[in-house]
Amino acid sequence: MKLRPEEVEFLSAWAREEKAPDPYALPCHGLQAVHQVSGAALIRMIKAWARTEERKDEDIFHLFSNAAPRWPWLSTEDFRERAQELGADSNGAKAKAVSART
């Protein structure tokens, strides 16, 4: 399953903000805090995107230029469901790692 364009746009802006000295003063990190989603969860979603698209994680930096996209998920629960669908949730990541070792 692929990320929707608005999800990639948000993740692209969020990833660029990560390089800033105080990312939580910036729009995407503010939305992340409001929705109580961990940075690790967003990173797992970026990694799921990279796997699906057969690209490097770093490619996400250059996909969109909008510095303040809207939160693309309807709710925090919607985010968690999408992460699970994409195999980007912490349980999915653990399950894939275990199956890869066996």
Side-chain angles (χ1 to χ4, degrees):
M1 179 171 290
K2 290 187 170 199
L3 287 169
R4 298 181 305 250
E6 61 271 19
E7 292 171 323
V8 178
E9 180 181 36
F10 179 85
L11 293 169
S12 178
W14 181 87
R16 287 191 308 274
E17 287 180 4
E18 276 288 284
K19 295 194 232 178
D22 184 11
Y24 284 94
L26 299 172
C28 293
H29 279 72
L31 290 170
Q32 171 196 350
V34 166
H35 292 280
Q36 299 179 346
V37 170
S38 71
L42 294 169
I43 290 168
R44 284 191 295 270
M45 195 166 271
I46 291 169
K47 292 195 173 292
W49 166 82
R51 277 192 310 274
T52 301
E53 298 293 322
E54 297 182 355
R55 297 179 74 161
K56 296 179 194 172
D57 302 352
E58 299 82 20
D59 291 346
I60 198 116
F61 292 124
H62 311 291
L63 297 178
F64 290 91
S65 59
N66 183 359
R70 67 173 189 79
W71 183 256
W73 301 281
L74 299 175
S75 64
T76 304
E77 184 59 31
D78 182 45
F79 172 85
R80 290 191 175 101
E81 288 173 8
R82 284 290 291 153
Q84 191 172 24
E85 288 171 6
L86 296 161
D89 64 320
S90 59
N91 293 331
K94 291 175 188 170
K96 286 181 183 176
V98 169
S99 66
R101 284 188 240 138
T102 57

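Atom set for the values below is all heavy atoms of this structure, side chains included, hydrogens, waters and symmetry mates excluded.
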message: I'd like to know if the side chain of Ser12 and the backbone of Val8 have a donor-acceptor N/O pair within less than 3.5 Å.
response: no
Heavy atoms of Pro69 and Ala67 approach each other most closely as CD-C, 3.5 Å
CZ (Arg51) and NZ (Lys47) are apart, to the nearest 0.5 Å, by 8.5 Å
### Query
Quick one: does Leu11's side chain get under 4.5 Å of Trp49's, heavy atoms only?
no
Within a strict 4.5 Å, meaning less than it, do heavy atoms of the Leu3 and Thr52 side chains meet? no
Output for pair (Ile60 CD1, Met45 CE), nearest 0.5 Å, gives 10.5 Å
Phe10 meets the ring-ring contact (aromatic ring centres under 6.0 Å, His included) criterion, sequence neighbours left out, with Trp71, Trp73
For Ala15 and Ile46, the nearest pair of non-hydrogen atoms, with its separation, is CB-CD1, 4.1 Å
Contacts of Asp78 meeting side chain to side chain donor-acceptor pair (under 3.5 Å) (sequence neighbours excluded), chain-then-number -> none
ring-ring contact (aromatic ring centres under 6.0 Å, His included) filter on Phe61, not counting sequence neighbours, yields none
For Thr76, the side chain to side chain contact (heavy atoms under 4.5 Å, CB included) test, sequence neighbours excluded, returns His35, Val37, Arg80
Heavy-atom closest pair (Lys56 atom, Ala50 atom, distance to 0.1 Å) is C-CB, 4.1 Å
When rounded to the nearest 0.5 Å, the distance separating CZ of Phe64 from CD of Glu6 is 9.0 Å
Going hydrophobic residue to hydrophobic residue with side-chain gaps under 4.5 angstrom, can you get from Leu42 over to Leu26? no
So the salt bridge (charged side-chain N to carboxylate O under 4.0 Å, His left out) pairs with at least one residue in residues 7-25 (sequence neighbours excluded) are Arg4-Glu7, Glu7-Arg82
So salt bridge (charged side-chain N to carboxylate O under 4.0 Å, His left out) across residues 58-77, not counting sequence neighbours, yields Arg55-Asp59
